[in-house]
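All remarks here apply to the structure that follows.
Atoms within each ligand, like the ligands themselves, are counted from 1 in listed order.
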Amino acid sequence: MSNSAIEIVRTVADLRTRISAWRAAGDRIGLIPTMGSLHEGHFSLVAASRAVTDRTCATLFVNPKQFGPNEDFETYPRDEKTDAAALGARGADLLYIPDRDEIYPDGFATAVTVAGIGDKLEGVFRPGFFTGVATVVAKLLLQAAPDDAFFGEKDFQQLCVVRRLTQDLNIPVEIHGCAIVREADGLALSSRNAYLSAPERAIAPTLQQALISFRDKLQDGVAVGDAAEQAREIVLAAGFAKIDYLSLYDPTTFEEAGDLTPGARILAAAWLGTTRLIDNIPAQI
Ligand code: PAF
């Protein structure tokens, strides 16, 4: 860890000036898009970038377009100073913090929609979410023009949406998916875990336990439908209020998978009180 203060830029022009200077020096550049409220999951992306690039730029923008009308845009935790200090301490080189007008100036009228996978699962339960994500990620990639960009597998469907959009739009960047970072009890790190009450926090790791039990049952030859049903029962019995989805999915279509196709993923979203948690694991170890 270094202790140097990170440089902050707030405009596309300043971002491009820094990135051009690095490029002129022959540096390989990594980008880490974030909405702030950073935790060890984000810092693992910094480490992944530092391992394969010469310069790491993080972005911090709470993107209004990916929040639904009843979601937590206004209350989403924001702490720019703490995030900047933590990124500097982890050796990131630059932090881009655009304001809303820098990303969506007056008259902004373009949206990037990834049809197909973007319409499934999260796309069903959070209408507009993936169009918001795809639009801002496309903008950030075009503004920074990195060689590599890093996303967590916790948002597995988001990672696949980002891969699809960069291929479809010929954006010349290598997308890296980084493993989920978990608490000691298995809860996947998320900025939204801060919303959990103490009793909810105690229940939360059951989601991952149910996914592991699902995987074990599949390995034992239990049919997908039965294994999914048993996993859902575990989650609801633990005290989760509602499950949006929990099953085995094909990683290219995000359709429910009838059997253990290569790369199949167990994905879940469930409500604990008023907090929605998502998690996923590969179906094969
Ligand atoms: O995963 C996130 O934090 C956001 O969806 C992202 C990729 C930064 C886009 O706003």
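Here L189 sits in one hydrophobic cluster together with V181; the rule is ILVMFWY side chains under 4.5 Å apart, joined directly or through other members.
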> Yes or no on side-chain hydrogen bond (donor to acceptor under 3.5 Å, both in side chains) for Q143 and Y96, after CA distance, side-chain angles and deciding distance?
Replying inline: CA-CA 10 Å; Q143 290 180 343; Y96 174 45; 2.8 Å; yes
> Under the salt bridge (Lys or Arg N to Asp or Glu O under 4.0 Å) criterion, do D14 and R16 qualify, and how do the steps go?
Replying inline: CA-CA 5 Å; D14 286 346; R16 287 192 167 148; over 6 Å; no
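The aromatic rings of H39 and H42 lie tilted to each other, with the angle between the two planes from 30° to 60°.
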Which N or O atoms of ligand 1 sit under 3.5 Å from a protein N or O, and how far apart is each pair?
unit_1	atom_1	unit_2	atom_2	d
ligand 1	1 (O)	Q158	NE2	2.9
ligand 1	5 (O)	Q66	NE2	2.9
ligand 1	5 (O)	Q158	OE1	2.7
ligand 1	10 (O)	Q66	OE1	2.6

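Applying the ring pair (Phe, Tyr, Trp, His ring centres under 6.0 Å) test to F67 and every residue at least two apart in sequence or in another chain returns F73, Y76.
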Review item, side-chain donor-acceptor pairs of residues 221-232, under 3.5 Å, at least two apart:
unit_1	atom_1	unit_2	atom_2	d
E229	OE1	R232	NH1	3.0
Q230	OE1	K217	NZ	3.3
R232	NE	L246	O	3.2
R232	NH2	L246	O	3.1

